[in-house]
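First the structure, in the form of structure tokens, and then the observations on it.
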Amino acid sequence: MSVTADASPASRRLKDIGAIVREVSAAPNLQSALRVVVSQTRSAMEVDVCTVYFANDEDHRHVIVATDGLSSRTVGKVQLSFGEGLIGRIAESKRLVNLDDIPPALDQDFLRQTGESEYRSLLGVPILYKGSLQGVLLVRQRTKRQFDFSDEALLTTLAAQLGGAIVHAKASGEWRFICRSFAAKHFDGVPGAPGVAIGRAIVVGTSVTEVPNRQVADKQAEELRLRAAILTVKEEISTLRTTLSGDLHASDLALFDAYELMLDSPELLTSALAGIHEGLWAPSSFANAVEYYATQFDEMGDPYLRERATDIRGLGSRIVNHLLGQFNERESGSSPIILVGQCLSALDIGQARTGNVAGLVSGEGSSLSHVAIVARALGIPAVVGLTGLPLFQLHGQELAIDGTQGRVHLQFGTTLRNLLQRCISEQRRVDETLEPLRDMPATTAADENVQLLVNAGFEEHPQADLVAGSSGIGLYRSELPFLLRDRLPSEHEQQELYRSVLQAAHPLPVTFRTLDIGGDKSLPYLSDGSEGPADHYRGVRFMIHHPEIFLTQLRAVFRASEGLDNLRLLFPMVSCADELDHALRLVDLARAQLLADGLSPPRCAMGVMIEVPAAVYQITPIAPLVEFFSVGTNDLSQFLLATERTDPLGDKLLRGLHPALLQVLHTIVQSVHRMGKPVSVCGEIAGDPVAALLLLGMGIDALSMESLALPKVKWALSRLTYQRMQSMADEALRCDRAVELTRLMCSIGNEIGLDAIAARTIESSS
């Protein structure tokens, strides 16, 4: 039977060029482009190995940065000096080399470093940009083969594509991160969940930012595939929620409610279907919709809400990977593994919960992301926000992770391994000690009672143990239902949700923060497209300018609280008494409207959040108008220090207590107490054991934190008396520099034996 010219390998290969080039062009970054090149080229050319070398001018060496066919351990390890071997010949000549019989003498260094047996054939081309050498792209085959013109055309075209991508990576800084990984023994990310672990890295999933755009003819089939994938993930969420119900606190389980809300968003599905109807295949259409949706949260200033962007991408990646069929491989064996992904979700953790997952590494995320929250609740060490490292290259490597310090070790010896093993054993013992404290009262070493509350806001179906082990809800964030819908929730919808929260906590108090929206926390369905100052109103200022939204929420929460008597109202982002006056007039109007309907809205305590520095100096005129104050240290820190958590340096600055913040908090406590009112702290630092001791020592009346922080804070409190906390706070207030305060906090940690309730950090010198 004859074979037509169109079916020949050469003509098929020439057709492959366009497909590979399009996929490389669609890659979001150089690392992804390299992965596409080596895998697709090896497949299209039917060779044993495809490899990309970078020319590292600083070290005068060519180094493997991507390969398909060689061990992943060769990446960053195999390095050949300029001018040596076959790679040196291609680089120096800047010309294509096509060999059907490789001279053994020219390949000895490569074979020695890789441990590979002999290859017979090779085709290599220089990667150039405007005549300047950037690297080498080559393929190898063990059998003798004469590569033809179509092979040369494919490799030359892809090398040209890579040349521009490499130059762009050098300009953007990505090159520096890639090259840094060659010699690095460890990389620093963000602490996600405390603890240490050793295991083999298993890289899972495709990020929504890595899905190439492809056209399809059968749009109906793609829509059905998308709906089926969403339904599959919904079933996973439901199953996982049931499976983990015995391991997670109610507030942690509520994260899965948030996932369901995201998947039920009509805006997300409509956007994805629109892409399919325009001819895009389901994976990229859904990925594009997820990325647009996530971007709305990316631009928010509140770190808690901004981190929902990572959660949306993680959930989107889960669905995309179902569409791509990338959940077929299952790891066997009992040896521990480290789950690695660009944007892991809580579902990834839960599915692996019954397996042998010892730790987690996510390229995206912060301590507030779902993956970190669930990892902490399940006791799985995690490092998140790990930038600058090509995660796909970690597959198969042995990793050591330190979730307390936020560090991933790529190379480590016996000394570090032994230290890690001791920490792992110690952590298991400590977990058994802490667990009983979750539901115990919070008391000092002298049996003095301490008011510890929990933060909430994820719950669509709150459970009775929502406030277990606490004195109530110190901060209920009411904005999530507004942000996860493509319209304003109705008064009835809000009333039902608020009622369920108040009932779940009853008789303990619920401090209900009114809608904190506006500025960088915008609602897309309310945007008028203007760019004036009104777009920067947030919290109570936004609500004053949208009284119809504020009144609806107030009526809903007053209706919800009928007969329960545990509601407290908290107004966010108040900067002066005038704004509070206006807000209180709207509260009176909402009451009058309910009275007109024949209802008797209950009275409740009202308070103000101190987040804007200006409010620190407005406490005296504000205090007579409210019953309590609450300090939102997340926003207050950012405004005070003129930085934010999206900036890596800013995140490091905000992670601990700054002397200026400590002084401001002391001023707030003195001013509020002088007016005879109580003050609490509901920011991240409230859940830090040492910071909690200092806050209570300087006079803070109550602390509100994520529920998972309760056991450690209770443990720290049980080690000291209030008197000792006060002396510690006095010493901290005398610290003029951040390094002094950090040193003192470490000393306090040592005094109370903090290393016994958190895994020891592993120094890079070990």
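- L280 approaches S284 most closely through the heavy-atom pair CD2-OG, 3.9 Å.
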Could you give me the CA-CA distance, side-chain angles and deciding distance for L273 and R227, then say whether side chain to side chain contact (heavy atoms under 4.5 Å, CB included) is met? CA-CA 10 Å; L273 292 178; R227 291 184 182 276; 3.4 Å; yes

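- The ring of H546 has its center no closer than 6.0 angstrom to the ring center of F550.
- The backbone N or O of V37 sits nowhere less than 3.5 Å from a side-chain atom of Q40 that would complete a donor-acceptor pair.
- With sequence neighbours excluded, no residue forms a salt bridge (charged side-chain N to carboxylate O under 4.0 Å, His left out) with D48.
- In terms of modelled atom types and a separation under 3.5 Å, the side chain of S362 and the main chain of L344 share a donor-acceptor contact.
- For T51 (side chain) and T67 (main-chain N/O), no donor-acceptor pair under 3.5 Å exists by modelled atom type.
- Within the model, atoms CZ of R541 and NE2 of H545 stand 10.0 Å from one another, a figure rounded to the nearest 0.5 Å.
- Contact detail for E222 and P283: the closest heavy-atom pair is OE1-CD, 4.1 Å.
- Taken from CG in L515 to CD1 in I549, the straight-line distance is 7.0 Å, to the nearest 0.5 Å.
- Checking H277 against Q220 by side-chain atom types alone, no donor-acceptor pair falls below 3.5 Å.
- Distance check, rounded to the nearest 0.5 Å: CD1 of I319 to NZ of K234 gives 9.0 Å.
- Looking at residues two or more places apart in sequence or on another chain, you find no salt bridge (charged side-chain N to carboxylate O under 4.0 Å, His left out) involving E496.
- A distance-only check finds no donor-acceptor pair linking the side chain of E491 to the backbone of Q553 [under 3.5 Å].
- For K219 and E223, the salt-bridge test fails: no basic side-chain N is under 4.0 Å from an acidic carboxylate O.
- To the nearest 0.5 angstrom, I127 atom CD1 is 9.5 Å from L158 atom CG.
- The backbone N or O of S39 lies less than 3.5 Å from no partner atom in the side chain of S43, so there is not a single donor-acceptor pair.
- Judged purely by atom type and a 3.5 angstrom limit, R225 uses its side chain to pair as donor or acceptor with the backbone of L323.
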Evaluation steps, side chain to side chain contact (heavy atoms under 4.5 Å, CB included), between V361 and I401: CA-CA 8 Å; V361 175; I401 71 168; 3.8 Å; yes

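- Taking CG from L360 and CG from L386, the interatomic distance works out to 12.5 Å, rounded to the nearest 0.5 Å.
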Take V190 and V383 through the side chain to side chain contact (heavy atoms under 4.5 Å, CB included) test and state the conclusion after the steps. CA-CA 6 Å; V190 176; V383 176; over 6 Å; no

Do V49 and R42 pass the side chain to side chain contact (heavy atoms under 4.5 Å, CB included) test, and can you show the C-alpha distance, the side-chain angles, and the key distance before you say yes or no? CA-CA 6 Å; V49 172; R42 184 188 179 197; 5.9 Å; no

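- The side chain to side chain contact (heavy atoms under 4.5 Å, CB included) search around A289 returns L268, S271, A272, not counting sequence neighbours.
- Taking a cutoff of 4.0 Å between a charged side-chain nitrogen and a carboxylate oxygen, E706 and R477 qualify as a salt bridge.
- A donor-acceptor distance shorter than 3.5 angstrom exists from the side chain of S285 to the backbone of I276, with no hydrogens or angles considered.
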